[in-house]
There are 2 protein chains.
Amino acid sequence: MKSPRNTTAKTVIQDLIVTSNVALSHSEIQKSLEGLCDRVTIYRVLERLIKEGVIHKIVNVDGVVKYAGCHSCSVKHSHNHIHFSCQKCKSVTCLEDVEPTFKMPKKYIISEMNFTLSGLCPQCS
Amino acid sequence: MKSPRNTTAKTVIQDLIVTSNVALSHSEIQKSLEGLCDRVTIYRVLERLIKEGVIHKIVNVDGVVKYAGCHSCSVKHSHNHIHFSCQKCKSVTCLEDVEPTFKMPKKYIISEMNFTLSGLCPQCS
DNA sequence: TTACTAACGCAACACTGTTGCATTTACAAA
DNA sequence: TTTGTAAATGCAACAGTGTTGCGTTAGTAA
């Protein structure tokens with residue numbers, strides 16, 4: 001019987017991401033943990049949390065990978081919302097209510113969307 | 001007088017990207033060049049071509065950076081179109097005609113957009 | 001408490017991208 | 001055509017990010 005385990009690292013990392021109002025990068029998480037666990041462990045915990053549907057992965061316009069909690073995922077698990085990336089404070093936030101519309105050419109089969117806007121967030125503007 | 005120079009590397013790389021119907025990554029370009037020039041040179045040429053407005057940089061949903069020619073940029077230089085990323089053949093194409101619409105919350109100032117859709121391209125579907 | 005194995009730490013590695021510096025070379029001016 | 005300048009290059013070294021293998025630790029079911 002393969003059963004997942006709740007370890008200290010997993011609990012702390014999950015808490016950190018879910019309670020944060022902005023998406024966090026691996027290095028930001030590592031700094032917060034202050035040597036609580038190894039870098040590799042953080043990668044593996046993040047991987048597990050994504051598989052469990054607790055968090056989701058965001059690739060920012062600048063290529064920086066961030067992780068954010070899944071808030072509305074219990075209702076419907078889709079990440080087809082817009083992400084906003086602030087060019088000043090570098091924060092990435094999920095705008096879960098905003099859903100874009102567009103017309104696609106035929107013959108394209110769409111299974112995933114990734115929409116990121118950049119500019120200034122309410123705090124920085 | 002600071003004047004740009006047309007070198008072999010620049011000419012070949014520019015040709016490669018502009019004539020390609022899909023966006024190319026640094027490593028794909030490097031393979032095509034077959035040792036014509038150094039990796040670093042490719043990075044620097046790409047940087048220059050972006051500054052000159054000949055090509056533009058795309059960060060795919062999986063974080064892979066690709067480069068594509070600017071076709072309609074002579075008319076209006078905006079990259080607010082959708083990019084399509086095929087999950088099968090890994091190709092990235094610019095859908096320059098598709099412009100998405102959406103409603104943003106107040107207080108956000110938008111200066112850049114990055115929309116990428118994933119799925120199957122016409123060739124793979 | 002014990003046994004099983006998920007999860008961990010550590011070392012090593014691959015890939016991507018950047019920087020400094022000496023050398024080469026494109027191109028404008030003589 | 002030749003020459004001088006600095007744009008562009010090659011090489012070495014480095015930093016950041018992410019992955020893999022393997023021996024050890026520790027969570028949890030029995």
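In the text below, chain A, chain B and the rest are named by the order of the sequence lines, each starting its count at 1.
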- 5'-most by nearest nucleotide on DNA chain C - B:Val40 or A:Val45: A:Val45
- Where does the angle between the aromatic ring planes of A:Phe115 and A:Phe102 fall among parallel (under 30°), tilted (30 to 60°) and perpendicular (over 60°)? perpendicular
- Task: Tell me what A:Val65 touches on the nucleic acid: a base, only sugar-phosphate, or nothing, going by heavy atoms under 4.0 Å.
- Result: sugar-phosphate
- Query: To the nearest angstrom, how far is B:Asn6 atom CG from C:dT25 atom P?
  - Reply: 17 Å
- Message: Whether A:Lys10 and A:Glu52 form a salt bridge (side-chain N of Lys/Arg under 4.0 Å from carboxylate O of Asp/Glu) is what I want to check.
- Response: yes
- Note on the structure: In whole angstroms, the gap separating C1' of C:dT16 from NZ of B:Lys66 amounts to 15 Å
- Query: Just wondering, do A:His26 and A:Ile42 contact through their side chains at under 4.5 Å, heavy atoms?
  - Reply: yes
- Item | Value in whole Å for how far the P atom of C:dA7 lies from CG of A:Leu36 | 16 Å
- N or O in side chain of A:Ser3 less than 4.0 angstrom from D:dG27 OP1/OP2: no
- Message: Rounding to 10°, can you tell me the angle the first-five-pair axis of the helix from C:dT1-D:dA30 to C:dA30-D:dT1 makes with its last-five-pair axis?
- Response: 30°
- Message: Between the base of D:dG10 and the side chain of B:Arg39, is one N or O donor paired with an acceptor at under 3.5 angstrom?
- Response: no
- Rounded off to whole Å, could you give me the CG-to-P distance for the B:Leu24 and C:dT16 pair? 14 Å
- Query: Base, sugar-phosphate, or nothing for B:Leu46, non-hydrogen atoms under 4.0 angstrom?
  - Reply: nothing
- Can you tell me if the side-chain N/O atoms of A:Arg5 get under 4.0 Å from OP1 or OP2 in D:dA26? no
- Query: Can you find a heavy atom in the side chain of A:Lys66 that is under 4.5 Å from one in the side chain of A:Val22?
  - Reply: no
- Item | Among C:dG17, D:dA8, D:dG18, the nucleotide that comes nearest once only the side chain of A:Tyr43 is considered | D:dG18
- Rounding to a whole Å, what distance do you find between A:Asp38:CG and C:dA11:C1'? 10 Å
- So, A:Ser125 side chain and B:Lys107 main chain: donor-acceptor pair closer than 3.5 Å or not? yes
- Heavy-atom check, side chain of B:Thr93 versus side chain of A:Tyr108, under 4.5 Å: yes
- Task: Pick base, sugar-phosphate or nothing for B:Arg44, based on heavy-atom distances below 4.0 Å to the nucleic acid.
- Result: base
- Nucleotide D:dT17, atom P - distance to CD of A:Glu47 in whole Å: 18 Å
- Tell me: NZ of A:Lys10 to P of D:dA26, nearest whole Å? 18 Å
- Message: Could you tell me how far apart A:Lys31 (NZ) and D:dT17 (P) are, to the nearest whole angstrom?
- Response: 8 Å
- Query: Going by heavy atoms in the side chains, are B:Met104 and A:Leu95 under 4.5 Å from each other?
  - Reply: yes
- Item | Closest to side chain of A:Thr41, choosing from C:dG9, D:dT28, D:dG10 | C:dG9
